[in-house]
Every structure is written in structure tokens, then in C-alpha cells.
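Remarks on the structure that follows.
Computation of the quantities below employed the complete heavy-atom set of this structure, encompassing side-chain atoms and omitting hydrogens, waters and symmetry-equivalent molecules.
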Amino acid sequence: MRIGIDFGGTKIEAAVVGDDGAFVARKREPNPGAYDPAIQTVARLIAAVEAETGATGPVGVATPGSVSPTRGVMRNANSTWLNGRPFPQDLEQALGRPVRLANDANCLALSESVDGAGAGKAVVFAIIVGTGCGGGVAVNGRLVDGAHGVAGEWGHTSLPWPSAGEAPGPACWCGLHGCLETWVSGSGLQRDHLERTSRSLTAENIVAAARAGDADARRSLDLCIDRLGRAMAMVVNLIDPDAFILGGGLSNVDELYDALPPVVERYAFTDAWSGVIAPARWEDSSGVRGAARLWPSPNEQETSP
């Protein structure tokens, strides 16, 4: 059995996962949104699932951002209070055991490539379209971190296309302008709709209004789909994945799965494109399942991708 933590922006979940992928125990609490209390929450959740199951072992953590390979501290997290902090070391000290961390989109990619919607596919690109927009890559069921630990971090590449009238784009929390995350995310959809219509609606309400026949909402949703499809076409041109697997709140919008393929095919640099675009099989459980898989089971041989 393996232990995973999904360190989300609003909640923290701990789970014990059996070698067959089944959950043995799960506990979650709200994320307190502050560094020391969050570490205490992780420790409390780990103690709770271990008390319930009698299992113990190393811990894998799905987290926003990533760990700097040179400084060993967190960086690039939209939960900005994590950035610059030695999160892995502090967790290991609090838990008294080894900890492995990976970006939450990487954990989605790992989970879904092993036994999820991307199982059997050689190259899987996982996309989180929620409050922000993240990406992760798995090849043959193994994560690809890259030389500097930022493989798949497409959320902070620039979307604006001059021909689309999007440049320079809105300011991003990372300090750049026009990042994909500011357009293709729940918050990006909400921001764009407000700027175009002067109506403040949540992403969920924009989707509902579009389905009810609201022309402005339909336009906002169509623009979001077009932008996501263009960004996915850029990924096709770089690594040509067999499958795109979507997680996060916007992944529940059924319209995406019929509308995205023709957009990707239109912009990808190929005469034909027939890749898979599918929602995550394990939905919001993929993060914690992928985190648990950061450590091999006793029956697995640990190898590099």
C-alpha cells in the first residue's frame, strides 16, 4: 500500500492506495492557506489514515508548483505562500519519513496513464483546467520532469495571437502577461466574460447560461474552447501526444470533447490528427492516486522514464 497527499488550493486530502489502485482509506480537510498550519494538517491527515488502516510508508505529495532542483525550495505555485519555502524538507521533518513531491498536473498524468483514461497510450499530456491551468507529461506510464523540473508547464506560456486581438493579454500572477492560465481556466473564463460583457458570472454560471441560450455566454465559452484548442495544437507540434486527459472543474464541461478535436486539427502542423481527448477517469481522485504512485510498490522496479 502507498500513501498519497493531494495538496490542493482549497482542500488537502490523504489516501492510502492499495497495489491494485483501490482506496483503502481517505480523509480530507480544508487547506488553511498558511504554511505552518498546512503542514500540521498534512501530518494530522496522515496520522488519521494510518490509524484507520495500520499501514505506514513513504508519502507522495501532489502540489501546485514544483521544487527547484538547485535550491530545494518551492517555486511557481499559485498558492504563492508556498514559494521560496523548503516544503519537502519541512514535511519530512514533520512526518519523520521520506517524502516525494510532484506537480499536481504531473500526478494527474501519472495516475491516468497507468490505469485511467490514458492507459495503454505511449505519450499522455494531462491538463488541469480549474482555477488555473496546468500540464504534465507521462511516457509509457512514467513521468517526464525535464532537465529543470518544468516539463509540461504550459500554463505560463503565452497564448495571445496578434490575429486574434489577444495581445498583450492580462497580467498574470507570475509577472508575465497573456499566460495561458489567464485565458484558459475557470478564473480566465470569468475574467474574459466580465471584460467583454460587464457581467460578473462564475465559470459554472457562464456554462449554464450558454446552455440556456445566452448569446454572450455562448460566445465566451466558444472563445475559451478555441483558446484551449489552439494551446493543445502547440503541444501536438512539440510532442504529439497520443492522448490529452483533462482534469479540473472545466473538464466537466461536456461540450469540450466534441468541440476541441476540430480546433486542434485546424491548428496542428499535420495533415490529419486523431488523438484522444478525454476527461480523467478518476476525476478529482487522480491527484492523490498519482501522488501515491510517486513511490513504487514492493512489486515494481523503479526506473526512469
dist Cys174:SG -> His156:NE2 (nearest 0.5 Å) comes out at 5.0 Å
Do the non-hydrogen side-chain atoms of Arg75 and Pro69 ever get within less than 4.5 Å of each other? yes
What closest approach, in Å, do Leu45 and Ala14 show between heavy atoms, and which atom pair accounts for it? CB-CB, 3.7 Å
Look at the side chain of Glu112 and the backbone N and O of Arg281, then say whether any donor-acceptor pair between them is shorter than 3.5 Å. yes
Salt bridge present between Glu181 and Arg227 (N-O < 4.0 angstrom): no
Please determine whether residues Tyr35 and Leu95 belong to a single hydrophobic cluster, defined as Ile, Leu, Val, Met, Phe, Trp and Tyr linked transitively by side-chain heavy-atom distances below 4.5 Å. yes
Just how far is it from atom CZ of Arg219 to atom CG of Leu221, taken to the nearest 0.5 Å? 11.0 Å
Are the side chains of Ile12 and Ile5 in contact, using a 4.5 Å heavy-atom criterion? yes
Exactly one of Leu294, Ile46, Leu101, Val42 should register a side-chain contact (heavy atoms from CB on, under 4.5 Å) with Val59. Which one does? Ile46
Heavy-atom distance under 4.5 Å between the side chains of Ser79 and Trp81, does that happen here? yes
When you check the gap from the basic side-chain N to the acidic O, do Arg44 and Glu29 get nearer than 4.0 Å? yes
Is it true that atom CD of Gln93 has more than 12 heavy atoms of other residues, nucleotides or ligands lying nearer than 6.0 Å? no
I'd like to check Phe244 versus Val276 (side-chain heavy atoms, cut-off strictly below 4.5 Å). Are they in contact? no
Without swapping roles, check the side chain of Asp242 against the backbone of Val123 for a donor-acceptor pair under 3.5 Å. yes
Do Leu91 and Val61 make a side-chain contact, defined as non-hydrogen atoms from C-beta onward lying under 4.5 Å apart? yes
Does one hydrophobic cluster hold both Leu108 and Val144, with members joined at side-chain heavy-atom distances below 4.5 Å? no
What's the spacing between Asp216 CG and Thr197 OG1 if we round to 0.5 Å? 5.5 Å
Counting only N and O atoms by type, is there a donor-acceptor contact under 3.5 Å from the side chain of Ser251 to the main-chain atoms of Gly248? yes
May I ask you to check if Arg85 and Phe87 form a cation-pi contact, with NZ or CZ under 6.0 angstrom from the six-membered ring centre and within 45° of the axis? no
Can you name the side chain to side chain contact (heavy atoms under 4.5 Å, CB included) partners of Pro37, sequence neighbours left out? Pro32, Ala34
Got a sec, which residues hit side chain to side chain contact (heavy atoms under 4.5 Å, CB included) with Thr182, two or more places apart in sequence or on another chain? Pro170, Cys172, Cys179
Inspect the contact between Arg218 and Asp214 and indicate whether a charged nitrogen and a carboxylate oxygen are less than 4.0 angstrom apart. no
So, for Ala109 and Ala138, which heavy atoms are closest and what is the spacing to 0.1 Å? O-CB, 3.9 Å
Less than 4.5 Å apart, any side-chain heavy atom of Pro64 and any of Asn78? yes
Could you check whether Ser111 and Arg293, counting side-chain N and O atoms only, form a donor-acceptor pair closer than 3.5 Å? no
Between Asn76 and Ser66, the two heavy atoms sitting closest are ND2-OG, 4.2 Å
What is the distance from atom OH of Tyr267 to atom CE of Met234, rounded to the nearest 0.5 Å? 11.0 Å
Please name the pair of heavy atoms, one in Ser113 and one in Gly141, separated by the smallest distance, quoted to 0.1 Å. OG-CA, 3.7 Å
Check the pair Val16, Arg26 against side-chain contact (heavy atoms from CB on, under 4.5 Å), reporting the backbone distance first and the verdict last. CA-CA 7 Å; Val16 178; Arg26 302 176 73 179; over 6 Å; no
Any side-chain heavy atom of Met1 sitting closer than 4.5 Å to one from Val24? yes
Honestly curious: do Ile245 and Val137 fall in one hydrophobic cluster under the side-chain, below-4.5 Å linking rule? no
Using the side chain to side chain contact (heavy atoms under 4.5 Å, CB included) criterion, which residues pair with Asn140? Sequence neighbours excluded. Ala122
CD of Glu13 to CG of Asp284: how many Å apart, nearest 0.5 Å? 7.0 Å
Cation-pi check, Arg266 onto Trp273 ring (under 6.0 Å, within 45° of axis): no
May I ask you to test the Asn31-Thr41 pair for a side-chain heavy-atom distance under 4.5 Å? no
Charged N-O contact under 4.0 Å between Asp115 and Arg289: yes
Same apolar cluster (I L V M F W Y, side chains within < 4.5 Å links), Tyr257/Leu189: yes
Could you walk me through whether Met74 and Thr63 satisfy the side-chain contact (heavy atoms from CB on, under 4.5 Å) test, starting with their C-alpha distance in whole Å, then the side-chain angles of each, then the deciding distance to 0.1 Å, before giving a yes or no? CA-CA 10 Å; Met74 292 296 295; Thr63 179; 3.6 Å; yes
So which heavy atom on His193 is nearest to which on Leu201, and how close? NE2-CD1, 3.8 Å
Between Asn83 and Thr80, is any side-chain donor less than 3.5 angstrom from a side-chain acceptor? no
Which pair of non-hydrogen atoms, one from Lys27 and one from Ala48, has the smallest distance, and what is that distance? CG-CB, 4.2 Å
Looking at Glu92 and Val99, would you say the former's side chain and the latter's main chain have a donor-acceptor pair under 3.5 Å? yes
Can you check side-chain contact (heavy atoms from CB on, under 4.5 Å) on Val235 and Leu238, steps first, answer last? CA-CA 5 Å; Val235 175; Leu238 287 172; 5.7 Å; no
Check the pair Ile3 / Arg97 against side-chain contact (heavy atoms from CB on, under 4.5 Å), numbers first and verdict last. CA-CA 12 Å; Ile3 300 172; Arg97 73 192 74 182; 4.1 Å; yes
Roughly how far, to the nearest 0.5 Å, is the CD1 atom of Ile127 from the CG atom of Leu250? 11.5 Å
Linking I/L/V/M/F/W/Y whenever any side-chain heavy atoms sit under 4.5 Å apart, do Trp173 and Leu82 land together? no
